[in-house]
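Take a look at the structure below.
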Amino acid sequence: MQIFNTLTRKKEEFIPQVPGEYRIYVCGPTVYNFIHIGNARPVVVFDVLRRYLEYLGNKVCYVSNITDIDDKLIRTAAEQGVSMQSLAQRYENEYFTDLDGLGAKRATVHPRATEHIAEILDIIRDIVDKGYGYVAKNGDVYFRAKKFKDYGKLSHLVLEDLESGNRTLRSELAEELKEDPADFAVWKAAKQGEPYWDSPYGHGRPGWHIECSAMARKHLGKTIDLHCGGEDLIFPHHENEIAQSECANGCEFAHYWMHNGFLNIDNQKMSKSKNNFFTVRDIASHYGYEALRYFLLTAHYRSPLNYTPDLLDACKAALERLYTCRDNLDFARENAAGTSDALLAKAQEAEQKFRTAMDDDLNTVNALAALFDFVRECNTLAASSSPAALVQAAAMFDTLAGVLGIVQHREKSGVPADVTELVQARTDAKKAKDWARADAIRDELAQKGYAVEDTPQGPKLVKK
RNA sequence: GGUGCUGUAGCCAAGUGGUAAGGCAGAGGUCUGCAAAACCUCUAUGCGCCAGUUCAAAUCUGGCCAGCACCUCCA
């Protein structure tokens, strides 16, 4: 498949170092609050990428970190009067609840920064030993950005331009601690009341960027295949990761970089100050997790995506069409006696179109179009199809929907005996043309949560 | 100031040179005791605006208009 590589700004064939094995690192959340729907975008998009690679028969080692030591965590914990550890643990749990709800597979490893202090100090030592890092007089350790000649290769920014064009860089960061304004912290000396660890530089804690460099190296090796995250992380976070890792390891950090576009509200970036902030939990309680997941797949992952409540309603309706189709396939297999195998060819066509779409830089929009084309064919041909064709069509449906991680919540529970009896009673009433009684039974079934639809093959129950 | 992105039907959104996918909403029809679901038909002579290149442009070039993002810890 081809993916758009931020490094080269071109679509490239996605080739792993070891054939059939992909090593992927995705920047995860800082666990100081519930995640918002913008955070959900990389979670879902890169989960789909992983599922697709696995569908193609590859092994994927997928690492997504948990940032559980950070300025925001320290500040929020202080405000709430709880320990940073308990705050982080709480919101890590909430994060996994949302992750599961969104249907994102658990990563191969979800490493926590605080459990990798030794690895972080190892990589800092490598950086300092090679002359790329230095200890400031207060015990901070900084990285010499300008010493790394490739600095800016990912964001395509030039340090000199940054400095001349950006006033804040000069005024606010002209601290005497740094040799140069462009330098960034890899280790921060402990301040009063903050969590800290022992280090060769005194008590302190890791900087933000260094944890990803350290955890990627530990769990995926010195050179990884793909590094992913939101587009806002390109600079400075990912640029700094590259600088740290490539200087410490002496080899390329990641061959490919993928970045998802923003999810906006009213065409504006979400932010707490603008009061246009939605958590995943909020949206899920109104529309369900699956509608949110579907929504995130309705635009190409690199495009901005604008959230409005109406769109989630439309997504629920679209999902409903998919569920109905899938039920139709089962119903036809159980009740119809067709002989046609025409659906088999349609299933092949659908898979072909689906793969063409996904191969082209994860075009989930066209992949969905392929699925909906297949839905129409299934609905049209179900009643005349052979049981074998219906089984295979259902399997193809499940495979394609499974790659996208949707239509995963079909009710498998059996129908209670009293409901079956009511359906039979209604059929009898209809035979006797007792429409009033038939409608009364239909109302009764509705109260029990079942809709009954009459088809040429007999009554069909739909659980609501 | 630097670096990028976006503008396609009522709404969302694919489509990077060959004559506008798909979903939602809407209209008509078929089926049905009535419904529901499904299916069929319809809904952009036009893709922000103006020029240009070409046999051919939503797609390439130039200009303009509008909106958005990043530029030191925000996915």
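Just so you know, these numbers use all the heavy atoms, side chains as well, and skip hydrogens, waters and symmetry mates. So that the names make sense, note that chain A is the first sequence line, chain B the second, and so on, each numbered from 1. The structure presented is a predicted model; accordingly, all values stated were derived computationally and were not measured.
Between the side chain of A:His36 and the base of B:A75, a donor-acceptor pair under 3.5 Å is found. No N or O donor and acceptor, one from the side chain of A:Arg376 and one from the base of B:C40, sit under 3.5 Å apart.
Rounded to an integer number of Å, the gap from A:Asp140 CG to B:C73 P is 15 Å. Going from atom CG of A:Leu445 over to atom P of B:A36 covers 17 Å, rounded to whole Å. Spacing between atom CG of A:Asp454 and atom P of B:A36 amounts to 12 Å, rounded to whole angstrom units. Per the geometry, NZ belonging to A:Lys178 stands 10 Å off P belonging to B:U72, to the nearest Å. Regarding A:Asn65, its CG atom lies at a distance of 18 Å from the P atom of B:C73, rounded to whole Å. In this entry the distance linking CG of A:Asp373 with P of B:G22 reads 6 Å, nearest Å. B:A75 atom C1' lies 12 Å from atom NE2 of A:His227, rounded to whole Å. In this structure, the CD atom of A:Glu453 is 16 Å from the P atom of B:U32, given to the nearest Å.
Here the separation of B:A20 from B:A13, taken at their C1' atoms, is 13 Å to the nearest Å. Taking the P atom of each, B:U61 and B:G7 are spaced 15 Å apart, rounded to whole Å. Taking atom P on both nucleotides, B:C24 is separated from B:C39 by 10 Å, rounded to a whole Å. The separation of B:A37 from B:C47, taken at their C1' atoms, amounts to 35 Å, rounded to a whole angstrom. Using C1' as the reference atom, B:G22 and B:U8 are 14 Å apart when rounded to the nearest Å. Rounded to whole Å, the C1' atom of B:C11 lies 12 Å from the corresponding atom of B:G26. Of the C1' atoms belonging to B:G4 and B:A9, the separation is 29 Å, rounded to the nearest Å. Distance noted for atom C1' between B:A27 and B:C34: 22 Å (whole Å).
Residue A:Asp71 places its side chain closer to B:C73 than to any other of B:A69, B:C73, B:A35. Considering only side-chain atoms of A:Lys72, the nucleotide from B:G22, B:C74, B:G33 that sits closest is B:C74. Among the nucleotides B:G4, B:A21, B:A69, the one closest to any side-chain atom of A:Lys353 is B:A21.
Looking at heavy atoms from C-beta onward, A:Tyr289 lies out of side-chain contact with A:Ile283 at the 4.5 angstrom threshold. Side-chain contact check for A:Phe143 versus A:Gln244: some heavy-atom pair is nearer than 4.5 Å. A heavy-atom distance below 4.5 Å is not found between the side chains of A:Val43 and A:Val280. The side-chain heavy atoms of A:Trp197 and A:Thr114, taken from C-beta on, include a pair separated by under 4.5 Å.
Ring geometry for A:Tyr307 against A:Phe295 counts as perpendicular: the plane angle is over 60°, on a 0 to 90° scale with 30° as the lower cut.
Inspection of the A:Tyr32 and A:Asp68 side chains reveals no N or O donor paired with an N or O acceptor under 3.5 Å. A donor-acceptor pair shorter than 3.5 Å can be found between the side chains of A:Glu211 and A:Asn65. If you check the side chains of A:Glu290 and A:Tyr323, you find a donor sitting under 3.5 Å from an acceptor.
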**Item:** Pair assignment for RNA chain B - dot-bracket with | for other-strand partners, Watson-Crick or G-U under 3.5 Å
**Value:** ((((((((.[[[..)..(...]]].(((((.......))))).....[[[[[..)....]]]]])))))))....
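Here A:Arg426 lies in heavy-atom contact (under 4.0 Å) with a base. Among the heavy atoms of the strands, none lies under 4.0 Å from A:Val43. Residue contacts for A:Gly229: at a heavy-atom cut-off of 4.0 Å it reaches the sugar-phosphate backbone alone, with no base atom in range. Note on A:Phe372: only backbone sugar-phosphate atoms sit closer than 4.0 angstrom, heavy atoms only; bases stay farther off. Counting any heavy atom pair closer than 4.0 Å across all strands shown, A:Lys431 reaches no nucleic acid atom. Contact annotation for A:Leu371: no contact, since no heavy-atom pair falls under 4.0 Å across all strands.
Position along RNA chain B of the nearest nucleotide to A:Gly28 versus A:Asn264 favours A:Asn264 as the more 5'-ward residue. Closest-nucleotide positions on RNA chain B for A:Thr380 and A:His156 were compared, and the one nearer the 5' end corresponds to A:His156.
The pair A:Arg293-A:Asp47 meets the salt-bridge criterion, with a side-chain N (NZ, NE, NH1 or NH2) lying under 4.0 Å from an Asp/Glu carboxylate O. Between A:Asp70 and A:Arg205, no side-chain nitrogen of the basic residue sits less than 4.0 Å from a carboxylate oxygen of the acidic one, so the salt-bridge criterion is not met. Salt bridge A:Arg75/A:Asp71: absent, no basic N to carboxylate O contact under 4.0 Å.
Of the possible donor and acceptor atoms, one in the side chain of A:Asp361 sits under 3.5 Å from a partner among the backbone N and O of A:Phe4. No donor-acceptor pair under 3.5 Å is formed between the side chain of A:Glu12 and the backbone N or O of A:Ile3.
Taking every heavy atom of residues 313-323 of chain A and every atom of RNA chain B, pairs under 4.0 Å involve A:Ala314, A:Ala317, A:Ala318, A:Arg321, by number.
In this structure, A:Trp435 counts as stacked on the base of B:G33 under the 5.5 Å centre distance and 30° plane angle limits.
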Collect all protein-nucleotide pairs involving nucleotides 11-15 of chain B in which both atoms are nitrogen or oxygen and the distance is under 3.5 Å.
{"from": "B:A14", "atom 1": "OP1", "to": "A:His300", "atom 2": "N", "distance (Å)": "2.9"}
{"from": "B:A14", "atom 1": "O3'", "to": "A:Asn363", "atom 2": "ND2", "distance (Å)": "3.2"}
{"from": "B:A14", "atom 1": "O2'", "to": "A:Asn366", "atom 2": "OD1", "distance (Å)": "2.3"}
{"from": "B:A14", "atom 1": "O2'", "to": "A:Asn366", "atom 2": "ND2", "distance (Å)": "2.5"}
{"from": "B:G15", "atom 1": "OP1", "to": "A:Asn363", "atom 2": "ND2", "distance (Å)": "3.2"}

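Ring pair A:His227/A:Tyr256: centre-to-centre distance not below 6.0 Å. In this structure, A:His237 has its ring center under 6.0 Å from that of A:Trp208.
Applying the 4.0 Å criterion to OP1 and OP2 of B:A75, one finds that A:Asn39 has a side-chain N or O inside that range. Distances shown here put a side-chain N or O of A:Asn379 below 4.0 Å from the OP1 or OP2 atom of B:C39.
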